[in-house]
Amino acid sequence: MTPDKLIFRLKGDDEHKVFSVRMKTNICDDLDRIATQTNRSRNDVLCTLLEYALDHTVVEGVDLES
């Protein structure tokens, strides 16, 4: 039997991208409030909100599925 191995993967190899976002202070404050109330990270709250928004977005005359 081979011993268990600790496997390291390259950063960024998890299908995530890192980028910066510039936003108004009141929006950031709202994100922080929700994060605190739900015991989640700001990133988790923001990703959840963005996923919801993208799933419910319609651009007239454009098929977002293609």
Side-chain angles (χ1 to χ4, degrees):
M1 177 179 276
T2 59
D4 290 335
K5 293 185 179 182
L6 177 60
I7 299 172
F8 285 94
R9 290 187 173 78
L10 296 176
K11 279 191 167 188
D13 196 23
D14 61 355
E15 297 185 10
H16 290 80
K17 287 189 175 187
V18 177
F19 61 95
S20 73
V21 176
R22 188 169 178 241
M23 66 179 69
K24 294 180 181 179
T25 302
N26 64 319
I27 294 173
C28 190
D29 291 343
D30 288 344
L31 288 172
D32 287 341
R33 179 181 46 78
I34 294 168
T36 298
Q37 290 173 342
T38 60
N39 197 30
R40 297 181 182 273
S41 68
R42 182 190 301 157
N43 182 70
D44 189 32
V45 171
L46 185 56
C47 285
T48 300
L49 292 170
L50 286 172
E51 285 179 21
Y52 179 85
L54 289 170
D55 288 345
H56 293 85
T57 296
V58 174
V59 179
E60 291 182 0
V62 177
D63 180 11
L64 294 178
E65 295 296 320
S66 58

Mind listing the side-chain donor-acceptor pairs of residues 26-34 below 3.5 Å, one per line with the distance, residues two or more places apart or on another chain?
{"residue": "D32", "atom": "OD1", "partner": "R42", "partner atom": "NE", "Å": "2.7"}
{"residue": "D32", "atom": "OD1", "partner": "R42", "partner atom": "NH2", "Å": "3.0"}
{"residue": "D32", "atom": "OD2", "partner": "R42", "partner atom": "NH2", "Å": "3.3"}

Same apolar cluster: M23 and L50, side chain cutoff 4.5 Å: yes
Common cluster, F19/L49, ILVMFWY with side-chain heavy-atom separation under 4.5 Å: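 Yes; tracing contacts between hydrophobic side chains, which count when under 4.5 Å, links both residues.
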Tell me, which pairs form a ring pair (Phe, Tyr, Trp, His ring centres under 6.0 Å) where one or both residues lie in [range], sequence neighbours left out?
range	result
residues 25-47	none
residues 26-47	none
residues 21-52	Y52-H56

V18: side-chain contact (heavy atoms from CB on, under 4.5 Å) partners, not counting sequence neighbours: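 side-chain contact (heavy atoms from CB on, under 4.5 Å) check on V18 returns nothing, list empty.
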Any residue meeting side chain to side chain donor-acceptor pair (under 3.5 Å) with D44, in chain and number order, not counting sequence neighbours: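 Partners of D44 by the side chain to side chain donor-acceptor pair (under 3.5 Å) criterion, ordered by chain and then number, come out as R40.
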